[in-house]
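Worksheet: the structure to be examined is printed underneath.
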Number of protein chains: 2
Amino acid sequence: MMVNVLMKPNIQHVAERAQVSKATVSRVLNNNPQVKGEIKERVLRAIKELNYRPSTIARNLATNQTNTIGLILPDITNPYFPVLARGIEDAAHRLGYTIFISNTDNDPKLEQDIIHKMVEQQVGGIVLISSTLDEKAVNDLTSLQTPIILCDRLIENKPFDAVSIDNYRAAQEAVQYLIGQGHTRIAHLAGPKNIQSAVSRRAGYVDAMLAANLEPFVSVGTFSYESGVHQTGDLIHAYKPTAIFAANDLMALGAMHEIYRRGMRVPEDISIFGCDDIAFSAMSRPLMSTISIPAYQIGVTAVQLLDDRMKGVRAGSKNVILEHKLMHRESCIGVNRK
Amino acid sequence: MMVNVLMKPNIQHVAERAQVSKATVSRVLNNNPQVKGEIKERVLRAIKELNYRPSTIARNLATNQTNTIGLILPDITNPYFPVLARGIEDAAHRLGYTIFISNTDNDPKLEQDIIHKMVEQQVGGIVLISSTLDEKAVNDLTSLQTPIILCDRLIENKPFDAVSIDNYRAAQEAVQYLIGQGHTRIAHLAGPKNIQSAVSRRAGYVDAMLAANLEPFVSVGTFSYESGVHQTGDLIHAYKPTAIFAANDLMALGAMHEIYRRGMRVPEDISIFGCDDIAFSAMSRPLMSTISIPAYQIGVTAVQLLDDRMKGVRAGSKNVILEHKLMHRESCIGVNRK
DNA sequence: ATGAAAGCGCTAACAG
DNA sequence: CTGTTAGCGCTTTCAT
């Protein structure tokens, strides 16, 4: 058969050129040891000569397996997610998976659509950083045939595999630290209400404040830098805080910016504690004190759990909590040391 | 036939439940108008009842088409790339593609492997941000059956589609600006030698300096923050610059950090000009002056060109140059105004 | 307007 | 050890 240079060769072309059957070619492709040396050479040569690459897609169809994992996250542009994504990609790569990626912009409806699209793409599993707390959507998730693992943001009381940190406790500890430094007027820049991690952090803040007989003051934002800027502007008038605990570093950075813009200083006038420990919290001036989240490790762990599940190793759902860590840098100072 | 809830339904199951043939189901799946209303209803109902999702993978195999695009980039963790990636993803999504993503860490060997893996995955096209200037690798690229578009980093004198900015001219303009401000001792923090954009920026810097009868001083780094820190430490002793032009913002930020650590100030003691205009260059203190690159738009444009090529719309290779823009913020000051 | 059947590129029994 | 054959889930002629 004529094999035009312009058309992609398939297994049949290789078989003919090597004078063997498709099955034999398939065997050498899969490193089946029972192919005799000489024949194997012939096949290998034919493959090279034709510049043949097997079609993963056909292979997947035939084996009813897939080597793809879907990664669904809010916005890769938010600096917290790239390192999570890297952990996922690196672990996936090591296990032989390639990954589909898609952004949801925290839109629950879009999130559903993307999940379904990924299922249609025949991904073997999905890593989901969800913006969903809605009952109906969760049920839809449950009915999926495809293994799912939740990252970073949980859906409580449901049988999902998940890996995250203890956001409630992390926030609590940060606030307790601030209180220990003598602060009494500590405001909270909270994240969106449909995001579990934001909700937990807020609860941790509120409970820590109440436990110390302090009055909480919460300003709800969107996890963005601009949101941090604007909320802080309002906060300063309404509450006159000596410290701010922000639900993420982006908002903390925004707060810092606004404070300086108003001619005040961090930490001398207002202390700031962030959350996430994104790269830039260690590049700002002053350096940002924050809660370090092992994002890369969360990603790696998620893929490992997902892989287990995809291989049918595990039955019940599993919930892994990784350790966070308070990073004490330069943006916080005791209230008495002012 | 019994359809277990636990197994994924296929087109056959739907056909049986709706009492029609697979062909008919396929037709309603593809919105073929010649299916009668009542039958169409039956099929739609069966689909819903079984929670059926067609297999994209099988469909692709049958149609010999694919709806996937591969995105190969150095490191999603570098804050310049997420916005490029977003442009790509958004445009791809709009055109019905889903995207595979993979990081190369600027390793040319790994880059080759990933390209081949993507081809095996039957991606319809590849968006490549390459770390390759090597002749052999480029030839390998040329022999690919899969359409490729180069983003951001070009491979000169080769018939590839590409979209980028004019890095040479951008660097030249930034340096000319610095010279116009009275600076004569302007150092350059360059990027890796195997990366085209870094090479072009360096050339732009050198030529601008020579044209003004100034002596260039280049320190080669890795595009990382740490690299910016270390190179600057050395620079300050070896060259005593009054201004630094960094090949990217991450290094510029590192330079700024090191300058403050040594008790000097930006811009009073040393001016800094960056490149990329990543989000954090507008969050630092002082705000970073930099070259703005339309990363999102580069991504969008790349996908549009790739789509054309995938649909066979275009024949010859096409090279799109987008406009950059100098962002004058706070990190630069005239040498006489000190 | 609908169905039957062949085929996309590959794998996996089963023979030999 | 190697070849034959029958699918994987879908689309697409070609009949009817």
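Protein chains get the first letters and strands the later ones, always in sequence-line order, with residue 1 at the start of each. Note that the structure is a prediction, hence the values are computed from the model and not measured. Worth knowing before you read on, the calculation uses all heavy atoms, side chains too, and leaves out hydrogens, waters and symmetry mates.
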Protein-to-nucleotide contact annotation, 5' to 3' order, nucleotides 8-16 of chain D [B base; S sugar-phosphate only; - none; under 4.0 Å, heavy atom]: BBBBBB---
Under 3.5 Å: donor-acceptor pair, side chain of Thr56(B), backbone of Glu120(A): yes
Salt-bridge criterion met for Asp90(A) and Arg94(A) (N-O under 4.0 Å): no
Can you list, by residue number, the residues of residues 34-46 of chain A that have a non-hydrogen atom closer than 4.0 angstrom to DNA chain D? Gln34(A), Val35(A), Lys36(A), Ile39(A)
Dump the intermediate steps for salt bridge (charged side-chain N to carboxylate O under 4.0 Å, His left out) on Arg42(B) and Glu38(B), then the final yes or no. CA-CA 6 Å; Arg42(B) 280 214 321 263; Glu38(B) 191 234 341; 3.6 Å; yes
Write down the atom of Ser131(A), the atom of Pro108(A), and the distance for their closest heavy-atom approach. O-CG, 3.9 Å
Which atom of Pro74(A) lies closest to which atom of Arg86(B), heavy atoms considered: O-NH2, 4.5 Å
For residues Thr68(A) and Gln121(A), is any side-chain donor paired with an opposing acceptor at under 3.5 Å? no
In whole angstroms, the gap separating P of dT2(C) from CG of Asn32(B) amounts to 10 Å
Of all heavy-atom pairs between Ile114(A) and Asn103(A), which one has the smallest distance, and what is that distance? CD1-O, 3.3 Å
Only one of Val127(B), Asp308(B), Ile149(B) clears side-chain contact (heavy atoms from CB on, under 4.5 Å) with Asp161(B); which? Ile149(B)
